[in-house]
Amino acid sequence: MKITFPETFTWGVATAAAQIEGAAFEDGRGPSIWDVFSRLPGKIEGGGIPDVCCDSYHNVGRDVAMLKELGVKAYRMSFSWSRILPDGTGPVNEAGVAYYRKLLLAVKEAGIEINATIYHWDLPYALQIKGGFGNREIIDWYLNYASLLFDRFGDLVDYWVTFNEPIATYVGHAKGFFAPGLSDEKYARQCIHHLLVCHGRAVQLFRERKLKSRIGVVVDVWKHYPARPDNEEDIASALENNEIQGYGMFLHPLFLGGYSSVLTAYMEEHDMTPKMEPDDLETICQKLDFYGLNFYNGLYDDVDEMRRMEAQKASGGNFQDRPVRHLEAAYDVLHMLKEQYQIDIPIYITENGVAQSDGPDRAAILGDDDRIAYVSETLYHVRRAMDDGIDVRGYYLWSLMDNFEWSAGFCARYGLYYTDYENLQMIPKKSVSWYRDVIRNSALEMEP
Ligand code: IFM
């Protein structure tokens, strides 16, 4: 079966600064919360720390060569706040600015569009010490940083993303297994409220600057469904995971204005309603140019099974403990965005991909048929949604190369290219030539 996409479809790959750059303490960069968190005993699988990662800071030419080999039309990356502003505010680190200008210029010269994320989880540690997202001053700190990025890179960036996956900030403050490693849900709710105001204010600033590029936000949607549709506990679990602990906490205020009635009632009942200023909810709900959907899987909640898993769970955050795939959820989620959240702007799949466990059998990792099957199946469901009229404009595969997978360290390999962490060689997996063909033809062949 042949699945075709429009010629204009944007095919890309995605990465993030903290996961690939390394050079964590070079050329004036300040530490981020992940540099600190990863050093806490037991927080990262295998004990990995992001000091070197893929060493992309020193390998602009290598990274751009991989993008060219793939033939991508767009590259999604992020800026490291503490590389540009080592203390989060104050003096600019010109070496950091120079690195990003070099990278972005090389990408543009290769004829590749740039989709740049302002914040992808790596808050400067200097700001965390001052309360981080829990301190309302974060709005000024973030605006100052975003303003600097608009000034220094506004001529090169095509698409701006204010935040990637704000759930990570929630997890890092409510659940403890992401940086900064706190476990206080009430505080986490306040942090998320501030984050959403940061987003809204940055969009307003972007409009004032009259930049010719576009601005949006990326929210990952891991939609939960009751495994047993008649089981009250499964139904309640799915609702809670979607509306209270998941995507609803972001999509509702961003696109419908204000927190949902379900979340509002929950926060009131648990004395977790964030402090807010009168116009905050209006500020958060800005008209955007695009929405970025990170889609990885749909999840079926069977509370009995979940209780068993909870007992075994050591770390997590990206649902790597749920191996069963429900990729048909991509179709449902795309409909939900339009019908439930009234998202009527272009949608990009800003991330989709699958991890391989690290292990000694390199040949098996290089022959990543499973990745090809996973991406094919997701694209099949994306195409179905497009056929129904959902305006999906592009797809970014996560990730260009194996990298630092947060609390899973270097044990989970998401790359099209295999990263040899001994010598930093990049070795193409089977999916490289496969994805190159998909991009070239804007089409793929799939078993019916
Ligand atoms: O590696 C992450 C990325 O930083 C954010 N989205 C999910 C990816 C895979 O877990």
Side-chain angles (χ1 to χ4, degrees), residues 12-22 32-35 37-38 43-46 48-50 53-54 56 75-81 115-123 161-172 175 177-180 195 216-223 246-247 250 291-299 313 315-323 325 327 329-330 333 348-358 368 370-371 374-375 378 395-419 421 431:
V13 285
T15 62
Q19 296 178 268
I20 65 166
E21 284 177 9
S32 83
I33 51 174
W34 276 93
D35 295 307
F37 179 75
S38 62
K43 292 295 184 190
I44 309 290
E45 211 177 320
I49 47 172
C53 298
C54 308
S56 287
Y75 179 44
R76 177 164 181 249
M77 46 69 72
S78 77
F79 294 102
S80 155
W81 187 338
N115 180 318
T117 298
I118 297 172
Y119 183 80
H120 192 128
W121 306 8
D122 48 352
L123 191 75
V161 168
T162 53
F163 284 90
N164 177 76
E165 298 184 5
I167 189 89
T169 301
Y170 178 73
V171 169
K175 313 273 184 198
F177 47 77
F178 275 1
L195 180 153
V217 68
V218 169
V219 178
D220 53 328
V221 177
W222 300 75
K223 188 167 177 182
Y247 59 80
F250 313 107
Y291 166 72
L293 169 66
N294 288 1
F295 175 84
Y296 285 88
N297 205 0
L299 303 166
K313 199 154 91 183
S315 67
N318 290 331
F319 303 100
Q320 287 145 2
D321 51 355
R322 300 253 196 128
R325 286 181 193 159
L327 303 181
V333 166
Y348 291 81
I349 309 296
T350 32
E351 282 183 32
N352 173 247
V354 66
Q356 299 163 285
S357 299
D358 193 23
D368 56 347
D370 183 55
R371 175 166 292 110
Y374 170 96
V375 173
T378 310
Y395 172 92
Y396 293 80
L397 205 154
W398 182 273
S399 179
L400 176 59
M401 69 276 244
D402 300 329
N403 56 48
F404 176 69
E405 180 50 33
W406 310 110
S407 51
F410 297 102
C411 302
R413 292 181 174 271
Y414 272 95
L416 287 164
Y417 288 82
Y418 177 97
T419 304
Y421 293 108
S431 52

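Numbering starts at 1 and runs along the sequence shown. Note that ligands are numbered from 1 as they come in the structure, with each ligand's atoms numbered from 1 the same way.
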Counting both backbone and side chain atoms, is some N or O of Glu165 under 3.5 Å from an N or O of ligand 1? yes
Would you please classify the geometry between the Trp34 ring and the Phe404 ring as parallel, tilted or perpendicular, with 30° and 60° separating the classes? perpendicular
Students often mix this up, so state it plainly: with edges at 30° and 60°, are the rings of Trp222 and Tyr296 parallel, tilted or perpendicular? parallel
Contact (N/O only, under 3.5 Å) between Asn294 and ligand 1: no
Using a distance-only test with no angle check, is there a side-chain donor-acceptor pair under 3.5 angstrom linking Tyr374 and Asn352? yes
For His120, atoms of ligand 1 separated by under 4.0 Å from a heavy atom: 3 (C), 4 (O), 5 (C)
Are side-chain N/O atoms of Asp368 and Gln356 paired as donor and acceptor at under 3.5 Å? no
Has ligand 1 got any nitrogen or oxygen that is less than 3.5 angstrom from a nitrogen or oxygen of Trp398? yes
